[in-house]
There are 2 protein chains.
Amino acid sequence: MTPEALQQLGQRIGQLRRQRHWSLSHLAERAGLAKSSLSRLEQGNANPTLDTLWRLAIQLEVPFAELIIDDPAPLDEGGVTARLIERGRGTPVVEAWWMQCRPHACRRAEAHGAGIREHASVISGRLLVGSEGEERQLGPGEHCDFAADRRHLYRGDDEGATFLLTIVYPQRPL
Amino acid sequence: MTPEALQQLGQRIGQLRRQRHWSLSHLAERAGLAKSSLSRLEQGNANPTLDTLWRLAIQLEVPFAELIIDDPAPLDEGGVTARLIERGRGTPVVEAWWMQCRPHACRRAEAHGAGIREHASVISGRLLVGSEGEERQLGPGEHCDFAADRRHLYRGDDEGATFLLTIVYPQRPL
DNA sequence: GCCTCGCGTTCTTTATATCGAACGATGCGA
DNA sequence: TCGCATCGTTCGATATAAAGAACGCGAGGC
């Protein structure tokens with residue numbers, strides 16, 4: 001087991017923990033671990049047993065494999081990070097993306113194929129989004145639809161923004 | 001970690017080993033383990049460290065996840081699986097969930113706190129969703145908003161459904 | 001100011017996963 | 001037959017993962 005992989009694992013656990021706004025002590029208690037063990041693990045110098053990882057996966061509500069496997073490198077353009085969550089297999093084809101704009105980051109996207117629409121739903125921060133000339137300002141809990149077969153953009157404000165994006169392809173792409 | 005899961009893991013490793021016509025000693029040597037350790041592991045009374053599993057996965061040439069028969073623990077009620085993707089830290093607080101309804105599964109949710117709204121966005125399958133009495137049928141790429149401070153439900157049809165759900169809390173919960 | 005609490009880290013101690021040696025069983029050739 | 005492999009198991013010794021106590025730090029409250 002490489003040190004880098006252990007490091008990654010630790011970071012991943014810490015990330016999932018913070019997403020839930022849990023303190024290290026809290027997660028340790030929920031999982032029935034000593035917080036010292038969890039601390040070492042998150043720092044990346046530990047070689048945890050299966051049981052330990054299992055307990056954490058249960059509490060964090062993630063499939064076990066997700067803790068270890070490094071997810072495909074999220075692509076990042078101009079301060080906007082995108083990670084594919086899911087791609088449907090029905091008709092129309094729909095993709096779900098987890099998106100994050102760093103503060104003041106702005107991404108201008110070229111027109112996609114005809115008929116493609118997108119739908120953005122903000123989780124935190126404020127986001128300017130939409131077809132060029134018809135952008136809308138969205139806050140947490142707000143969402144909007146727009147046509148993606150024209151130039152469009154995503155822009156975070158002072159605090160950046162985290163949002164879900166679904167892309168709807170009118171017929172099977174490619 | 002349940003004894004059954006450990007048992008399963010051991011059987012799985014033994015199975016993969018025998019598929020390759022390797023003796024226990026041989027695999028142990030290749031992986032740099034004591035054969036006693038491997039023996040105990042295959043019998044299902046061991047709690048291996050991540051490093052140990054890692055070495056075995058490499059020698060057996062299987063993705064790590066394949067060793068652990070995936071028995072994840074996202075919360076699951078009545079055939080509806082939910083996994084938290086992200087929780088915002090702004091105001092209002094917004095949670096993003098990845099949801100999956102098995103075919104014909106139906107989940108009736110009680111009223112949440114006052115003012116809470118939800119927003120569902122379908123990735124694949126067809127979903128009946130909404131406040132009780134005002135349900136809507138959604139297909140891939142469609143979405144809708146509804147009040148969650150009343151009884152509401154999620155129901156997949158013949159093929160089940162995968163969708164994103166955002167929950168918007170008017171003020172900080174708890 | 002002081003006190004208390006919860007945070008995450010770093011120690012020491014304890015439990016246990018791994019190791020290495022020895023074992024009985026089985027197969028095979030001399 | 002015996003002798004010598006190799007198999008998988010079991011045992012005591014050792015390395016180390018996890019537990020538990022103590023630490024320094026920062027945020028409130030009085």
Side-chain angles (χ1 to χ4, degrees), chain A residues 1-60 62 64-65 67-68, chain B residues 1-60 62 64 67-69 73 87 89-91 93 171-174:
Chain A
M1 187 99 196
T2 70
E4 304 83 61
L6 286 174
Q7 199 90 24
Q8 264 195 335
L9 171 64
Q11 288 177 4
R12 180 113 188 85
I13 290 174
Q15 177 189 348
L16 289 168
R17 171 172 68 78
R18 280 184 290 271
Q19 269 183 16
R20 286 155 183 71
H21 298 169
W22 289 350
S23 70
L24 186 147
S25 316
H26 182 221
L27 175 56
E29 189 181 3
R30 287 182 74 113
L33 300 178
K35 58 178 178 172
S36 54
S37 308
L38 181 54
S39 177
R40 268 169 45 89
L41 178 52
E42 288 196 3
Q43 290 173 64
N45 28 347
N47 176 18
T49 62
L50 188 52
D51 183 62
T52 299
L53 288 175
W54 191 271
R55 292 163 181 232
L56 287 172
I58 288 175
Q59 292 306 319
L60 293 170
V62 293
F64 187 92
L67 283 187
I68 296 127
Chain B
M1 183 102 196
T2 70
E4 304 83 62
L6 286 174
Q7 201 91 24
Q8 267 194 332
L9 172 64
Q11 289 176 6
R12 181 108 189 87
I13 290 174
Q15 179 189 346
L16 289 168
R17 173 172 67 79
R18 278 183 291 272
Q19 274 178 14
R20 286 157 182 71
H21 303 288
W22 288 350
S23 71
L24 187 148
S25 315
H26 182 221
L27 174 57
E29 191 182 1
R30 286 182 75 115
L33 300 178
K35 57 180 181 173
S36 55
S37 308
L38 182 53
S39 177
R40 267 169 47 89
L41 177 52
E42 287 195 5
Q43 290 171 65
N45 30 351
N47 176 17
T49 62
L50 188 53
D51 183 62
T52 299
L53 288 176
W54 191 270
R55 292 162 181 234
L56 288 171
I58 288 175
Q59 292 307 320
L60 293 169
V62 292
F64 195 96
L67 283 187
I68 289 96
I69 302 175
R87 175 178 286 142
R89 50 189 89 244
T91 310
V93 171
Q171 65 271 345
R172 271 199 127 47
L174 303 184

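Per chain, numbering begins at 1; letters A, B, ... match sequence-line order.
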Q.
Applying the side-chain contact (heavy atoms from CB on, under 4.5 Å) criterion to A:Arg55, which one of A:Leu53, A:Asp51, A:Thr52 satisfies it?
A.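 Only one option passes, and that is A:Asp51.
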
> Checking A:Arg20 side chain against A:Leu16 main chain: does a donor-acceptor pair fall under 3.5 Å?
Replying inline: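 Answer holds: yes.
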
Quick one: [atom1] on [X] to [atom2] on [Y], what's the gap to the nearest 0.5 Å?
X       : Y       : atom1 : atom2 : result
A:Asn47 : A:Arg40 : CG    : CZ    : 9.5 Å
A:Gln59 : A:His26 : CD    : NE2   : 8.5 Å
B:Leu24 : B:Glu42 : CG    : CD    : 5.0 Å

Problem - Derivation of the side chain to side chain contact (heavy atoms under 4.5 Å, CB included) call for A:Leu67 and A:Leu9 - result: CA-CA 6 Å; A:Leu67 283 187; A:Leu9 171 64; 4.1 Å; yes

Please walk me through it: do A:Leu56 and A:Leu41 pass side chain to side chain contact (heavy atoms under 4.5 Å, CB included)? CA-CA 11 Å; A:Leu56 287 172; A:Leu41 178 52; 3.6 Å; yes

* Through what angle, rounded to 10 degrees, does the axis of the helix from C:dG1-D:dC30 to C:dA30-D:dT1 turn between its ends, using five pairs per end? ->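 Roughly 0°, once rounded to the nearest ten degrees.
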
The contact string for nucleotides 6-25 of chain D, one letter per nucleotide 5' to 3', using protein heavy atoms under 4.0 Å with B, S and - for base, sugar-phosphate only and none, comes out as -SBBB------SSBB-----

- Closest heavy-atom contact between B:Gln43 and B:Gln7?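 The answer is O-NE2, 3.6 Å.
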
Inset, instruction - For the residue pair A:Ser25 and A:Glu29, confirm or rule out a side-chain donor-acceptor distance under 3.5 Å. - result: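 There is no such pair between these side chains.
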
Practice prompt. Could you check A:Trp22 against A:Leu60 for side chain to side chain contact (heavy atoms under 4.5 Å, CB included), going step by step and ending with a plain yes or no?
Written response: CA-CA 10 Å; A:Trp22 289 350; A:Leu60 293 170; 4.2 Å; yes

Discussion item. What range of DNA chain C does chain A touch, first nucleotide to last, counting atoms under 4.0 Å from its heavy atoms?
Written reply: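 With heavy atoms of chain A under 4.0 Å away, the range is C:dC7 to C:dT10.
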
